[in-house]
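Note that the coordinates shown come from a computational prediction; the quantities given were computed from them, not determined experimentally.
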Amino acid sequence: MATVLIRTAIIYILFTFAIRLMGKRQVGEMQISELITTFMLSELAVNPIQDISVPIFYSFIPLVFLLTMEVISSFLITKSPFLRKIFMGTPSMIITNGVLNQKELSRLRISLSELLSELRLKDISSIEDVEYAILEQNGKLSIFLKDDKKTVTIEDMKGKSSRSGLAHSIIMDGAINESGLNELCKDKTWLEKQLFKRSLTIKDVFLMTVDDGGNINIIEKEEK
């Protein structure tokens, strides 16, 4: 019994340390690779507890290996748009400018009743009130209402509302987001002209967004 308790304590400490290193995301916000790693770690952690004949290092070594692979892959994903697209996927536009994309809904295997249910859970009674509906990489649905359906703010009452639709990400960490450009019906030539006016290059930009009203916001990369 004492051996089992000691093994349990050791595995608990190692597993807790491993999960902490992976980050602070909730289960619903984990990417596929993170979720798979978590499942595999849990299996490795249980084996030496259930069977005391299994050396504890049989769990420790694979645990360290998986954790190392996860940290390395997470770093590479943040630096490579290609790997980010493969491992994380891209957001799916279900409703764009108030128009429901039925083909995308079918491709995602989401029924109309499921979509309407999600809208009701967000206190939206009619799909006609929605300007944008985006299925994010973590499986959550982001909803943006049409301007005339949004809650009135003090700025609206003063006639100073600056709502201009959805802000599309055009550049992320020095790399062009092609899907964002396509959503705005813009091309790389237009993008380079906008950056040239500001004496910037694509590699100088950490984040660039353009909303439906044409308003541009740029965050430059910090010098290391």
Side-chain angles (χ1 to χ4, degrees), residues 25-35 77-78 81-173 175-191 194 202 205-219:
R25 298 189 190 197
Q26 298 177 4
V27 173
E29 298 174 339
M30 285 185 175
Q31 304 301 333
I32 293 176
S33 62
E34 294 172 329
L35 195 58
I77 287 170
T78 61
F82 176 73
L83 291 177
R84 186 161 56 242
K85 186 175 182 179
I86 291 177
F87 284 94
M88 299 177 62
T90 57
S92 299
M93 306 288 288
I94 296 176
I95 299 177
T96 306
N97 293 321
V99 179
L100 176 64
N101 189 336
Q102 298 181 33
K103 290 183 179 179
E104 187 68 8
L105 202 64
S106 177
R107 186 185 71 82
L108 296 170
R109 298 187 297 278
I110 299 176
S111 67
L112 185 58
S113 60
E114 287 178 299
L115 176 60
L116 295 175
S117 175
E118 285 291 328
L119 295 180
R120 289 193 295 271
L121 289 172
K122 295 179 182 294
D123 299 324
I124 301 171
S125 59
S126 174
I127 196 172
E128 294 180 354
D129 297 342
V130 180
E131 184 75 10
Y132 285 96
I134 306 169
L135 187 66
E136 306 292 357
Q137 292 101 318
N138 59 13
K140 294 185 178 181
L141 188 66
S142 298
I143 302 293
F144 298 86
L145 294 174
K146 294 179 179 178
D147 285 349
D148 60 347
K149 299 298 180 181
K150 294 177 181 177
T151 303
V152 177
T153 65
I154 294 177
E155 286 187 347
D156 294 328
M157 297 174 67
K158 292 180 179 180
K160 298 180 180 180
S161 176
S162 58
R163 288 170 174 163
S164 301
L166 182 67
H168 304 267
S169 300
I170 304 301
I171 298 177
M172 294 188 292
D173 198 7
I176 298 175
N177 180 16
E178 297 289 349
S179 61
L181 276 176
N182 293 335
E183 289 164 7
L184 288 168
C185 298
K186 302 293 184 182
D187 55 21
K188 189 176 179 180
T189 302
W190 173 87
L191 174 59
Q194 299 303 317
I202 294 172
V205 179
F206 185 71
L207 176 65
M208 176 179 177
T209 61
V210 183
D211 63 27
D212 294 330
N215 300 307
I216 298 174
N217 182 55
I218 295 177
I219 300 175

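- Each of L181, I176, T209 was checked for a side chain to side chain contact (heavy atoms under 4.5 Å, CB included) with S169, and the lone residue meeting it is T209.
- Remark: E183 engages H168 in a side chain to side chain donor-acceptor pair (under 3.5 Å) (not counting sequence neighbours).
- The shortest side-chain heavy-atom distance between T96 and N101 does not fall under the 4.5 Å cut-off.
- Between E136 and L141 the shortest side-chain heavy-atom distance does not fall below 4.5 Å.
- To the nearest 0.5 Å, atoms OG1 (T90) and CG (L135) are separated by 10.0 Å.
- From D173, atom CG reaches atom CD1 of I202 across 13.0 Å, with rounding to the nearest 0.5 Å.
- Note that OG of S117 is 11.0 Å distant from CG of L112, once rounded to the nearest 0.5 Å.
- Distance CG/L145 to CD1/I124: 4.5 Å, rounded to 0.5 Å.
- In this structure, N215 contributes its side chain and D211 its backbone to no donor-acceptor pair below 3.5 Å.
- Between the CE atom in M208 and the CG atom in L191 there is a gap of 5.0 Å [rounded to 0.5 Å].
- Between I95 and L100, some side-chain heavy-atom pair lies under the 4.5 Å cut-off.
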### Task
Kindly indicate, with the supporting measurements, whether the criterion side-chain contact (heavy atoms from CB on, under 4.5 Å) is fulfilled by M93 and L166.
CA-CA 12 Å; M93 306 288 288; L166 182 67; 4.1 Å; yes

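- Listed by first then second residue, pairs satisfying salt bridge (charged side-chain N to carboxylate O under 4.0 Å, His left out) with a partner in residues 115-124 number zero, not counting sequence neighbours.
- Residues A133 and I143 share a closest heavy-atom pair of CB-CD1, 3.7 Å.
- Between the CG atom of D212 and the CG atom of L184 there is a distance of 6.5 Å, given to the nearest 0.5 Å.
- In terms of heavy-atom proximity, K146 sits nearest to E128 at NZ-O, 2.9 Å.
- Under the side chain to side chain donor-acceptor pair (under 3.5 Å) criterion, N97 pairs with Y132, not counting sequence neighbours.
- Here the side chains of L108 and I94 are in contact, with some heavy-atom distance below 4.5 Å.
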